[in-house]
Amino acid sequence: MLFSRRLMLGLAMAGALAFPALAGEGPTEVDLFFPVPVDGKLARDMGTLIKEFNETHPDVKATAVYTGSYDDTLIKTRAAIKAGKPPAAVIMSANFLLDMQIENELTNLDSLIAADGSTKEKFLGQFFPALQGNAVINRSVYGVPFHNSTPLLYINADKAKEAGLDPSKPPQTWAELTDWAKKLTKRDGDKVTQWGIAIPCAYDYCGWMMETLTMSNGGRYYNEEFGGEVYYDTPSMLGALTWWNDLIYKHKVHTPGATPGPAVSTSFISGNAAMMMLSTGSLTYVRDNAKFAYKVAFIPRNVRNAVPIGGASLIMPAGLEADKQKAAWTLIKWMTSPEKSGWWSRATGYFAPNMAAYKTPEMVDFLGKNPDAKTAVEQLDVAKPWFATYKTVPVRKNLEDEVMLVLNGKKQPKEALAAAQKAADETLKPYNAETSLKLP
């Protein structure tokens, strides 16, 4: 009996020595962190996408891990990096890349692009030029555009017609939008039964909306060439915040207070708000749930037509083992291919970053049936990078805290923006001390 056990053990050891590769065989397992920053069924769509990837790539087993909002995803990714267990890939808010690169938390993708026999220029040439500002840092590629957005003006076409307005000729300017909002607001005595316009303001969305309004008022939210400067206390941002505040307290066409994005979309879908400014990432949700005819249009201008890019890029955190890096690169390239980029756009409402997606038969057919999906793409002609600084989230919240006070009727715009600028300058101070103010 003892001999038999020894013989079996010896055979097992001999087998292990004779076939050493067997122990290491099997797919490389990788985690993909992903957020759900907008309305809809995005989490279920992600499950469908990853299932297909795994079925067609037996050498890799990807697991999609839901990580909350964009801000939550950044926090959880940083925690995983610090713990020495980074996910292989992350769908990361495109404007967080600069901050992560400053903190040495990203993998530079240049060598992976070169290993494929390509160049940075050729690789990036697949994607709309407006997206490259949040993907390239110091002439190196750190992110691959995956799902992207611009803000849009959504209009309840039925209510517009009831008010004597032509939804096929949407408002082009702030003045026209204000006039539309007045005509679309309904009252029963002192009670508002239908608001003319709704604009979201909660952490993350609020900063994006402020950049949207500031840019369309001729301004800049931040220094696109340097991560240590923001422009909160400026005439262009003051005009933007004053107009938003006037919609609430002067014209009384916008609900008082700071309203989160989901509440805005719910208000629009229910008919409580006749217009809203919201991401194109919410377009599929509106299409699937609106019981009325609707239109989408460019964000109206005061000084110029301009909007910020939104959405996310696929990134690889720093500290990955070579096999996981290789597997993650396979996943990223597949997810951003024309076919999958187009599929994701049709499923979610985000526009497809890969320009070739719009030449696929499926996308041509889809756009023929859903022309509203073209608006965000057409607006890319006036789109610019999303604000990205050192400590992007705290710097953004320095502004958002003050904007919320204004919309809640507790501060005036000029006072609030001066306070926001002071707080942001203090947050940026360490970075400036090591860069722009570190002199020879």
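Note: hydrogens, waters and symmetry copies are ignored here, and every other heavy atom, side chains too, is used.
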field: Atom NZ of K295 with >12 non-hydrogen neighbours under 6.0 angstrom
entry: no

- prompt: Roughly how far apart are T77 OG1 and K82 NZ, rounded to 0.5 Å?
  reply: 14.5 Å

message: Around atom NZ of K76, are there more than 12 heavy atoms from other residues, nucleotides or ligands closer than 6.0 Å?
response: yes

query: How about Y431 and F226: are their ring centroids closer than 6.0 Å?
result: yes

query: How about F33 and Y66: are their ring centroids closer than 6.0 Å?
result: no

Salt-bridge criterion met for E55 and K51 (N-O under 4.0 Å): yes

- prompt: Are F292 and F268 near enough that their ring centres are under 6.0 Å apart?
  reply: yes

query: What pair of heavy atoms forms the shortest contact from F34 to A64, and how long is it?
result: CE2-CB, 3.7 Å

field: N/O donor-acceptor pair under 3.5 Å between Q379 side chain and P151 backbone
entry: yes

message: Is any side-chain heavy atom of T330 closer than 4.5 Å to one of H57?
response: yes

- request: May I ask you to test the R304-V382 pair for a side-chain heavy-atom distance under 4.5 Å?
  value: no

query: Do you know which two heavy atoms are closest between W244 and V403, and how far apart they sit?
result: CZ3-CG1, 4.3 Å

message: How about CD on E103, more than 12 heavy atoms from neighbouring residues, nucleotides or ligands closer than 6.0 Å, or not?
response: yes

message: Donor-acceptor pair, distance only, cut-off 3.5 Å: does the side chain of Q194 make one with the backbone of L184?
response: yes

- prompt: Does L131 reach the side chain of F146, with side-chain heavy atoms less than 4.5 Å apart?
  reply: no

query: Any chance NZ of K333 has more than 12 other-residue heavy atoms, nucleotides or ligands included, within less than 6.0 Å?
result: yes

Short side-chain to backbone donor-acceptor contact, S216 and T212, under 3.5 Å: yes

query: What distance separates D204 CG from D72 CG, expressed to the nearest 0.5 Å?
result: 10.0 Å

query: How many angstroms lie between OH in Y154 and OG1 in T280, if you round to the nearest 0.5 Å?
result: 5.0 Å

query: After noting the C-alpha distance and the side-chain angles of L417 and E402, does the key distance pass the side-chain contact (heavy atoms from CB on, under 4.5 Å) rule?
result: CA-CA 7 Å; L417 292 179; E402 295 295 328; 5.9 Å; no

query: Salt bridge or not for K340 and E52, using N-O below 4.0 Å?
result: yes

- prompt: Do the non-hydrogen side-chain atoms of W344 and M46 ever get within less than 4.5 Å of each other?
  reply: yes

message: Could you check whether atom CD of E362 has more than 12 heavy atoms from other residues, nucleotides or ligands sitting under 6.0 Å from it?
response: yes

- line: Here the gap from N305 atom CG to I299 atom CD1, rounded to the nearest 0.5 Å, amounts to 10.0 Å

- prompt: Between D365 and K369, is the closest basic N to carboxylate O distance under 4.0 Å?
  reply: yes

- prompt: If you measure only the distance, is there a donor-acceptor pair under 3.5 Å linking the side chains of Y203 and D401?
  reply: yes

message: Ignoring hydrogens, what is the shortest heavy-atom contact between D110 and K120? Give both atom names and the distance.
response: OD1-CD, 3.3 Å

- prompt: Any idea how W386 and W208 line up, ring-wise: parallel (<30°), tilted (30 to 60°), or perpendicular (>60°)?
  reply: tilted

field: Donor-acceptor pair, side chain of Q101 and main chain of I137, under 3.5 angstrom
entry: no

message: Are the side chains of W180 and V253 in contact, using a 4.5 Å heavy-atom criterion?
response: no

- prompt: Ignoring hydrogens and geometry, is there a side-chain-to-backbone donor-acceptor pair from Q126 to N354 under 3.5 Å?
  reply: no

- request: Check the pair M237, Y221 against side-chain contact (heavy atoms from CB on, under 4.5 Å), reporting the backbone distance first and the verdict last.
  value: CA-CA 8 Å; M237 191 169 284; Y221 185 107; 3.9 Å; yes

Non-hydrogen atoms of G219 and S236 that approach each other most closely: CA-OG, 3.3 Å

message: Testing the basics here: between A318 and N104, what is the closest heavy-atom pair and its distance to 0.1 Å?
response: CB-O, 3.7 Å

message: Can a donor-acceptor pair be found, under 3.5 Å and without considering hydrogens, that links the side chain of S118 to the backbone of A114?
response: no

- prompt: Can you say whether the rings of W174 and W243 are parallel (under 30°), tilted (30 to 60°) or perpendicular (over 60°)?
  reply: parallel

- prompt: Pairs in or reaching into residues 195-232: which pass disulfide (SG to SG under 2.5 Å), with residues at least two apart or in two chains?
  reply: C201-C206

task: Mark yes or no for whether Q421, through its side chain, and D233, through its backbone, hold a donor-acceptor pair below 3.5 Å.
output: yes

query: Which pair of non-hydrogen atoms, one from L32 and one from V90, has the smallest distance, and what is that distance?
result: CD1-N, 4.1 Å

- prompt: So, the side chain of N289 versus the backbone of Y285: is there a donor-acceptor pair under 3.5 Å, distance only?
  reply: yes

- request: Examine W329 together with F123 and report whether their ring centres are nearer than 6.0 Å.
  value: yes

message: Quick check: do L153 and L177 have side-chain heavy atoms less than 4.5 Å from each other?
response: yes

message: I need the T392 OG1 to N95 CG distance, nearest 0.5 Å.
response: 5.5 Å

message: Return the CG to OG1 distance between N217 and T234, rounded to the nearest 0.5 Å.
response: 8.5 Å

side-chain contact (heavy atoms from CB on, under 4.5 Å) evaluation trace for T63 with N54: CA-CA 9 Å; T63 300; N54 287 333; over 6 Å; no

field: Side-chain donor/acceptor of D372 to backbone N/O of V296, under 3.5 Å
entry: no

- prompt: So do Y142 and V136 actually touch side chain to side chain, heavy atoms under 4.5 Å?
  reply: no

message: For the backbone of G227 and the side chain of E229, can you confirm whether one donor and one acceptor N or O come within less than 3.5 Å of each other?
response: no

message: Using the rule side-chain contact (heavy atoms from CB on, under 4.5 Å), only one of M92, K324, Q325 pairs with M316; which is it?
response: Q325

- request: State, yes or no, whether a side-chain contact exists between P200 and L278 at a heavy-atom distance under 4.5 Å.
  value: yes

message: Working note: D99 + R396, criterion salt bridge (Lys or Arg N to Asp or Glu O under 4.0 Å); need CA distance, chi angles, decisive distance, verdict.
response: CA-CA 12 Å; D99 188 24; R396 189 198 74 217; over 6 Å; no

- prompt: Checking side-chain contact (heavy atoms from CB on, under 4.5 Å) for the pair Y231/N223: CA distance, chi angles, key distance, verdict?
  reply: CA-CA 8 Å; Y231 308 130; N223 184 341; 3.3 Å; yes

